[in-house]
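Scroll down for the structure; my scribbles are underneath it.
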Amino acid sequence: MKMCTRQICFILAVYTAVTKVILYPTLLALQSGRDLLFSALIDFLVVGVIVWAVSFLCSKTDKTLFKLIEDNVGNICARIVYGVFAAFFMLATIVPLFEQKSYTHAIFYDTVQSLIVFIPFFFFAIYASSKGFKNIGRCADICLPLFIVSMLFIFIMSVGEIKPNSFLPMLKTPLDKVFFGSLSTLHCFVEPCWLLMFMGHFKYKKGDSAKITLSYAAGAAVTLFTLFVFYGIYGDTAMSRHFAISKISLFFPAIEMLGRMDLLALYILEAVMLFALVLNVQLAVHCIEKCTGYDNSAVLSLAVNGVLLALLVVFESKFHSILDVYRQWMWIVFAVFAIVMPVLVWLFPRRKKR
């Protein structure tokens with residue numbers, strides 16, 4: 001097997017959180033106001049159930065998703081499904097890619113042209129995406145301690161500035177806005193699709209579905225706490241504060257004397273964010289490889305990253321328009337892939353594991 005349960009747990013705990021600490025809090029604040037925690041909780045509960053369902057499915061079969069589809073509806077259909085998934089993972093990369101470009105430019109290198117700053121990411125992505133599932137698991141092992149240290153440091157600097165009355169009065173936001181807050185940010189939730197791709201690539205042991213689901217819950221808890229800290233500090237102005245994770249430590253008293261010491265934690269956290277960002281690219285390359293039968297992952301990695309770089313160049317000044325499209329309409333696509341398709345996989349007959 002190419003991965004172990006521990007690594008999958010790390011991915012769900014760490015990557016779930018780091019993919020939702022830049023613009024996700026701002027988008028929720030814009031839509032749901034002081035009730036943003038309820039919008040987030042709806043998404044995490046729904047997706048958490050799907051994560052459990054997919055992880056529990058792994059206890060019923062040791063086949064990969066490709067093999068499961070192939071055995072039930074044929075090789076051609078399996079190739080088509082994986083081709084569609086490849087397109088989906090590339091779609092799921094677009095907003096985080098622009099998000100990371102804007103974030104790294106604004107926080108770390110604001111005197112250098114943003115595209116120049118971010119191009120080195122593609123050298124890393126081309127290399128990482130040419131590797132297999134073992135590489136994905138090893139990266140998760142590296143990211144966990146970095147994530148814990150950096151987030152603890154940022155939270156310690158932030159919690160003293162929370163104003164709990166920022167959330168009062170609660171439950172005054174119209175329900176339609178709360179629910180649309182959940183829908184409009186569904187493009188941030190890809191975790192069930194990761195698990196579908198991991199099927200058959202790790203050896204399931206008794207109790208693993210509980211471990212995986214609890215790990216996802218841990219990532220959700222970190223995200224919810226980030227939302228609590230962010231809105232607790234900024235209140236009704238949170239909707240205009242971009243790059244949430246870099247903003248919540250700004251009011252730490254010692255910063256005035258010692259400078260932006262929080263930047264060290266943000267640099268460390270940025271490394272984890274890049275590993276999380278490249279995961280979707282790695283899975284897109286894997287899906288194309290299975291779809292086409294072409295086993296030169298280095299060439300496929302170069303092609304996928306070339307397309308993403310081209311999109312970044314062409315639409316460099318259109319990020320807000322792209323984000324609006326994702327918020328207004330793309331939740332439908334993400335609901336199909338992250339919620340509906342994992343449920344449909346359960347309909348396939350499965351041979352019991354030996």
Ring centroid separation [X] to [Y] under 6.0 Å:
X: Phe133; Y: Phe202; result: no
X: Phe153; Y: Phe252; result: no
X: Phe88; Y: Phe334; result: yes

Query raised in the report: With sequence neighbours excluded, what pairs up with Arg138 under the salt bridge (charged side-chain N to carboxylate O under 4.0 Å, His left out) test?
Result: none

Query - Non-neighbouring partners of Ser184 that pass side-chain hydrogen bond (donor to acceptor under 3.5 Å, both in side chains), sequence neighbours left out - result: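 None.
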
Report summary line: Across all chains, not counting sequence neighbours, the side-chain hydrogen bond (donor to acceptor under 3.5 Å, both in side chains) partners of Asn75 are Glu70, Arg79

**Report entry** Geometric class of the Trp346/Phe56 ring pair [parallel <30°, tilted 30-60°, perpendicular >60°]
**Finding:** parallel

Report task. Check each of Tyr103, Phe98, Tyr326 against Phe319 using the ring pair (Phe, Tyr, Trp, His ring centres under 6.0 Å) test, and report the only one that passes. Result -> Phe98

Query - Nearest atoms (heavy-atom pairs only) where Cys9 meets Ser215 - result: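 Distance-wise, the nearest heavy atoms are CB-OG, 3.0 Å.
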
Report task. State, without any angle test, whether Ser209 and Tyr204 hold a side-chain donor-acceptor pair at a distance under 3.5 Å. Result ->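 Note: Ser209 and Tyr204 side chains meet the donor-acceptor criterion.
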
Report task. Tell me yes or no: between the side chains of Gln282 and Asn135, is some donor less than 3.5 Å from an acceptor? Result -> yes

Query raised in the report: Would Phe230 and Tyr234 satisfy ring pair (Phe, Tyr, Trp, His ring centres under 6.0 Å), going step by step from the backbone distance to the final call?
Result: CA-CA 6 Å; Phe230 177 63; Tyr234 287 101; 5.6 Å; yes

